[in-house]
Amino acid sequence: MTRHYSALSLFREGLNGQQGWQKAWRSPEPKSHYDIVIIGGGGHGLATAYYLAKIHDVRNVAVIEKGWLGGGNTGRNTTVVRSNYFFPESTALYDMALRRYETLSRELNYNIMLSQRGIVTLAHSEAEMEMAARTVNAIQINGTDAELFDLAEIRRRLPLLNLDQDARYPVFGGVWQARAGTARHDAVAWGYARAADRLGVDIIQSCQVEDFLIEGGRCRGVKTSRGEIRADRVGMAVAGHSSHLADKAGFRLPVTSYALQACVSEPIKPVLDTVVLSPATGTYVSQSDKGEIVIGGGLDRVPSYGQRGNLPMLEQVVSGLLEMFPSFRQLRLMRQWAGIVDVTPDSSPILGESPLSNLFLNCGWGTGGFKAIPAGGVLLSHLLATGKHHDISRPFDLDRFAKGRLIDEAAGSGIAH
Ligand SMILES: Cc1cc2nc3c(=O)[nH]c(=O)nc-3n(C[C@H](O)[C@H](O)[C@H](O)COP(=O)(O)OP(=O)(O)OC[C@H]3O[C@@H](n4cnc5c(N)ncnc54)[C@H](O)[C@@H]3O)c2cc1C
């Protein structure tokens with residue numbers, strides 16, 4: 001039962017030591033059996049649980065999370081959403097996600113703070129402008145929005161951008177997607193969690209999946225730090241920990257885990273009202289609603305599961321930032337952190353059944369899976385409920401690596417994979 005709070009009750013709670021709030025979701029004890037168990041309480045796992053209940057009316061579902069909801073990459077990302085990928089398969093996937101994001105606050109009755117402020121991907125040479133024109137054509141033919149910006153348009157939109165033609169990476173123009181932007185990352189996790197809980201899904205935090213129950217060559221559930229949980233089907237949405245769990249299930253995934261870092265400055269008055277990405281430096285930047293400058297960069301190629309920042313990557317990202325916005329040198333940085341992302345050889349995700357029967361995969365999002373959460377949830381829920389692919393997830397099956405049907409989005413992914 002949803003309780004609504006009036007302005008008076010908010011005031012009263014402030015005076016009464018915050019004792020009367022209703023919990024946004026329950027903390028149930030795990031049952032011994034569920035129809036479906038989902039491993040991973042990030043955006044993809046929680047969205048999958050919500051759509052299982054909402055679209056397929058499958059409610060005997062548990063989400064098992066080893067830490068806290070959104071504590072993985074979902075709560076660590078730089079919140080950019082967009083759908084300007086190159087290949088039609090990718091556009092179908094990412095635009096499905098963006099369209100769902102556009103109505104998600106209303107659907108979940110939870111403000112995900114979607115801000116469609118647009119994204120510019122800069123082009124730094126004549127040759128890159130030709131590629132940019134080709135990209136815009138491909139995106140438009142695939143049925144989503146993109147525009148080619150010349151230098152004058154870039155100057156108009158981004159008055160603080162360094163447009164000196166003697167710069168190390170001079171700007172010639174860029175690719176613009178107006179419907180792109182940002183959304184509040186943990187609100188997405190919390191909104192899906194609350195909505196799934198209300199539909200009967202059990203969300204179980206501080207519970208680590210340690211192994212799989214395998215009987216007759218089929219996955220029959222999971223062994224967790226809080227005991228065995230049987231399930232008819234299991235979904236796995238654990239991002240950078242996918243290869244580790246796949247190993248437990250007895251197969252290998254074409255996934256390499258890397259730390260991806262980001263940092264934020266102190267909050268300042270509004271100075272930047274779009275997202276800007278420079279493929280030359282791998283740095284991208286936006287301004288949060290709180291006023292912080294949010295800065296992301298490329299992967300740390302030194303393998304690590306440490307979810308923290310380090311000086312070499314900070315140096316690289318900050319030099320890319322100052323190349324774009326020299327005036328930001330005055331800013332003080334407040335925080336730096338990392339998340340463990342799951343990178344595939346073609347920079348596209350893996351959705352489909354795993355080599356272990358009854359175990360289904362949602363992984364390989366690399367540096368760009370936040371924008372895909374609503375689609376990842378719809379598609380994995382379809383697989384789990386029906387045992388079959390949705391038309392949009394079929395091209396992303398694991399078998400594409402064996403069959404050579406790669407969907408190479410290394411350029412479309414923006415950040416070098
Ligand atoms: C710094 C950074 C910036 C990024 N910026 C963007 C961006 O701007 N736009 C964008 O689209 N994407 C971005 N990404 C990528 C995006 O964050 C991820 O692709 C996306 O959040 C993946 O969601 P997920 O639900 O699959 O994984 P996660 O949110 O990582 O959730 C997986 C969960 O599984 C849990 N788990 C792992 N192992 C187990 C186990 N054995 N048992 C139980 N639970 C387990 C983890 O604790 C975790 O909570 C960024 C990532 C990082 C790190």
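Worth knowing before you read on, the calculation uses all heavy atoms, side chains too, and leaves out hydrogens, waters and symmetry mates. Nothing here was measured: the structure is a model prediction, and the numbers come from that model. Ligands are counted one by one from 1 in listed order, and the atoms in each one are counted from 1 as well.
Residues satisfying the salt bridge (charged side-chain N to carboxylate O under 4.0 Å, His left out) test with E102, not counting sequence neighbours, are R179. Here E353 pairs with nothing under the salt bridge (charged side-chain N to carboxylate O under 4.0 Å, His left out) rule; sequence neighbours left out.
The aromatic rings of W176 and F149 lie parallel to each other, their planes meeting at an angle below 30°, with 60° marking the opposite boundary.
Judged by distance alone, the side chains of Y192 and Y51 do bring a donor and an acceptor atom under 3.5 Å apart. A donor-acceptor pair shorter than 3.5 Å can be found between the side chains of E409 and S90.
For residues 122-136, the pairs satisfying side-chain hydrogen bond (donor to acceptor under 3.5 Å, both in side chains) are H124-S278, with sequence neighbours left out.
Contact shell of ligand 1 (protein heavy atoms, cutoff 4.0 Å): I39, G40, G41, G42, G43, H44, I64, E65, K66, G72, N73, T74, R76, N77, T78, T79, V80, C207, Q208, V209, A237, V238, A239, H241, L245, L260, Q261, A262, Y284, G339, V341, W365, G366, T367, G368, G369, F370, K371.
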